[in-house]
A.B. asks: 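Shown below is the structure under consideration.
Convention: sequence-line order gives letters A, B, ...; per-chain numbering from 1. No hydrogens, no waters, no symmetry mates; every other heavy atom, side chains included, goes into these values.
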There are 2 protein chains.
Amino acid sequence: MGRKKIEIKLVKNIEARYVTFSKRRKGLFKKASELSILCGARVGLLGFSPSGKPFAFGSPSFQVVIDEYLHEGGVETFENGEIGNLNEELKDLKKEIKVEDKKIEEVDKGIIPTDLSLEELQKVKTSLKELQGEIEAASSLLLLAKKPVFIIQG
Amino acid sequence: MGRKKIEIKLVKNIEARYVTFSKRRKGLFKKASELSILCGARVGLLGFSPSGKPFAFGSPSFQVVIDEYLHEGGVETFENGEIGNLNEELKDLKKEIKVEDKKIEEVDKGIIPTDLSLEELQKVKTSLKELQGEIEAASSLLLLAKKPVFIIQG
DNA sequence: CTCACTATCTATAACAA
DNA sequence: TTTGTTATAGATAGTGA
């Protein structure tokens, strides 16, 4: 999406890193907004910049997402017993991913040979990261669903 | 980004809506993941599908974002007094946006004439939605910063 | 950190399965 | 709700201010 294809890994140059962050955060907000409007979904986003500054986004609002989570997105969303099963599945997935992650690391270091091109390897790594993110988040949701939940002091 | 340019508004056909949701959620996760990896940012995402099913994503993990928010992203991020000022600014911005929103609605209904092309109008509307999302979220962050915060029961 | 420019790379709308 | 294909619309890397 730019003058050149880039690898998805930490941008070394700090200045360039901030520029990239600024541009892509904007892009992410836009995507989140579009998803919400096009599909009637609700999306909340919370994060921290490279320098540790918080940023957030919500559509139709951040608060709506929190409220929906508190009132409907928690325990009631899952059938009885379902949570335990899902947790087991997630545990297995995490194990598998850990194995794959280690494998890739060793390929990277040349310890293990591979038939994959650098480009293909990059894709695998990126996919793995995404999967990790989803699984991790799913775990968190399940955890929160089991032990309710975010409480907002007020 | 597809065969045709589309307006950013609720997809009428429900089947198509779900397809769009499925694809764009995937895209959003990818963008969030890339932002995190490229810039060393932490990103957490929580939302609900059109049908009310929760989804979440985190990079490097959902939990990391929550933890950082609890420990560093809250009150300490803002200087004393800064919060009050920011809240005032946000209040003003919200008012302005409300006005603009109403204006656009009336333009849509033909009550107010406009020199803008449909395309330009669409852009303005989309930008406004994004701005709303950011401002709303900023408000939430400030609110949470003032009245600390998410508490995770355990 | 933001803004503008523009050559390229990517995400995705429409369609079918 | 998910997946694959293909033509396009849209995002963004590199660069300079």
A.B. asks: Can you see if the side chain of B:Ser51 gets near the phosphate of D:dT1 - specifically, an N or O under 4.0 Å from OP1 or OP2?
C.D. replies: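 Checking B:Ser51 against D:dT1: at least one side-chain N or O falls below 4.0 Å of OP1 or OP2.
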
A.B. asks: List the residues meeting ring-ring contact (aromatic ring centres under 6.0 Å, His included) with A:Phe21, not counting sequence neighbours, and say none if there are none.
C.D. replies: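 ring-ring contact (aromatic ring centres under 6.0 Å, His included) check on A:Phe21 returns A:Phe55.
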
A.B. asks: Between B:Cys39 and A:Leu10, what is the shortest heavy-atom contact and its length?
C.D. replies: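 Nearest pair, atom of B:Cys39 first, then A:Leu10: C-CD1, 3.8 Å.
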
A.B. asks: So, applying side chain to side chain contact (heavy atoms under 4.5 Å, CB included) with A:Phe29, which one of A:Lys31, A:Lys26, A:Arg25 is it?
C.D. replies: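 Single side chain to side chain contact (heavy atoms under 4.5 Å, CB included) partner of A:Phe29 among A:Lys31, A:Lys26, A:Arg25: A:Arg25.
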
A.B. asks: Can you tell me how far P of D:dA13 sits from CD of A:Glu7, to the nearest Å?
C.D. replies: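 One finds 14 Å between P of D:dA13 and CD of A:Glu7, rounded.
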
A.B. asks: OP1 or OP2 of C:dA13 versus the side-chain N and O atoms of B:Arg24: is any pair under 4.0 Å?
C.D. replies: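 B:Arg24 to C:dA13 OP1/OP2: side-chain N or O found under 4.0 Å.
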
A.B. asks: Calculate the interatomic distance between A:Phe21 atom CZ and D:dA13 atom P; express it in whole Å.
C.D. replies: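 Taking atom P of D:dA13 as the reference, CZ of A:Phe21 is at 14 Å.
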
A.B. asks: Considering heavy-atom distances to DNA chain C, does A:Lys26 or B:Ile6 have its closest nucleotide positioned more toward the 5' end?
C.D. replies: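 Looking at the nearest nucleotide for each, A:Lys26 comes out on the 5' side.
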
A.B. asks: Considering non-hydrogen atoms only, spot the tightest contact between A:Val64 and A:Ser61 and give its length.
C.D. replies: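 Heavy-atom minimum between the residues: N-OG, 3.0 Å.
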
A.B. asks: Quantified in whole Å, what is the C1' atom distance between nucleotide D:dG16 and nucleotide C:dC1?
C.D. replies: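 Their C1' atoms lie roughly 15 Å apart.
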
A.B. asks: Under 4.0 Å, heavy atoms only, any strand: does A:Lys23 hit a base, just the sugar-phosphate, or nothing?
C.D. replies: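 Answer is base: heavy atoms of A:Lys23 come under 4.0 Å of a base.
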
A.B. asks: For the pair made of NZ in B:Lys53 and P in D:dT2, what is the distance, rounded to whole Å?
C.D. replies: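 Spelled out: NZ on B:Lys53 to P on D:dT2 is 7 Å.
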
A.B. asks: What's the verdict on side-chain contact (heavy atoms from CB on, under 4.5 Å) for A:Val43 and A:Val65, showing C-alpha distance, side-chain angles and the deciding distance?
C.D. replies: CA-CA 6 Å; A:Val43 183; A:Val65 177; 5.5 Å; no

A.B. asks: State whether B:Ser22 places a side-chain N or O below 4.0 Å from either non-bridging phosphate oxygen (OP1 or OP2) of D:dT2.
C.D. replies: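 For B:Ser22, the contact criterion (side-chain N or O under 4.0 Å from OP1 or OP2 of D:dT2) is met.
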
A.B. asks: Could you tell me the separation between the CZ atom of B:Arg17 and the OG atom of B:Ser51, rounded to the nearest 0.5 Å?
C.D. replies: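 Rounded to the nearest 0.5 Å, the CZ-OG separation comes out at 10.5 Å.
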
A.B. asks: Considering only D:dG10, C:dA7, C:dC5, which nucleotide approaches the side chain of A:Arg3 most closely?
C.D. replies: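 Between D:dG10, C:dA7, C:dC5, the one nearest the side chain of A:Arg3 would be C:dA7.
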
A.B. asks: Tell me: CD1 of A:Ile8 to P of D:dA11, nearest whole Å?
C.D. replies: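 Atom-to-atom, A:Ile8 to D:dA11, this comes out as 16 Å.
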
A.B. asks: Using links of under 4.5 Å between side-chain heavy atoms of ILVMFWY residues, direct or through other members, which residues join B:Val11 in one cluster?
C.D. replies: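 Its cluster partners, ordered by chain and number, are A:Ile37, A:Leu38, B:Ile6, B:Ile8.
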
A.B. asks: Over how many whole Å does the gap from B:Met1 atom CE to D:dG10 atom C1' extend?
C.D. replies: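 Taking CE of B:Met1 and C1' of D:dG10, I get 5 Å after rounding.
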
A.B. asks: Are OP1 or OP2 of C:dT10 and a side-chain N or O of A:Lys5 less than 4.0 angstrom apart?
C.D. replies: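 For C:dT10, OP1 or OP2 has a side-chain N or O of A:Lys5 closer than 4.0 Å.
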
A.B. asks: Side-chain N or O of A:Arg17 less than 4.0 angstrom from OP1 or OP2 on C:dC1?
C.D. replies: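 Negative; the distance criterion is not met.
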
A.B. asks: Tell me if the CD1 atom of B:Ile14 is crowded by more than 12 foreign heavy atoms within 6.0 Å.
C.D. replies: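 Atom CD1 in B:Ile14 is not crowded, with 12 or fewer foreign heavy atoms closer than 6.0 Å.
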
A.B. asks: What residues in residues 29-44 of chain A put a non-hydrogen atom under 4.0 Å from any atom of DNA chain D?
C.D. replies: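 Close to the strand are A:Lys30, A:Lys31.
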
A.B. asks: Give the rounded distance in Å between these two atoms: CG of B:Leu28 and P of D:dA11.
C.D. replies: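 In whole Å, D:dA11 P and B:Leu28 CG are 13 Å from each other.
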
A.B. asks: With the side chain of A:Glu15 defined as its heavy atoms from C-beta on, choose the nearest nucleotide among C:dC1, D:dT12, D:dA11.
C.D. replies: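 Among the listed nucleotides, the one closest to the side chain of A:Glu15 is C:dC1.
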
A.B. asks: Out of D:dG14, D:dT1, D:dA11, which nucleotide sits closest to the side chain of B:Tyr18?
C.D. replies: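 It is D:dT1.
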
A.B. asks: Which residue, B:Val19 or A:Lys4, contacts DNA chain D at a nucleotide closer to its 5' end, judged by nearest heavy atom?
C.D. replies: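 Closest to the 5' end, via its nearest nucleotide, is B:Val19.
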
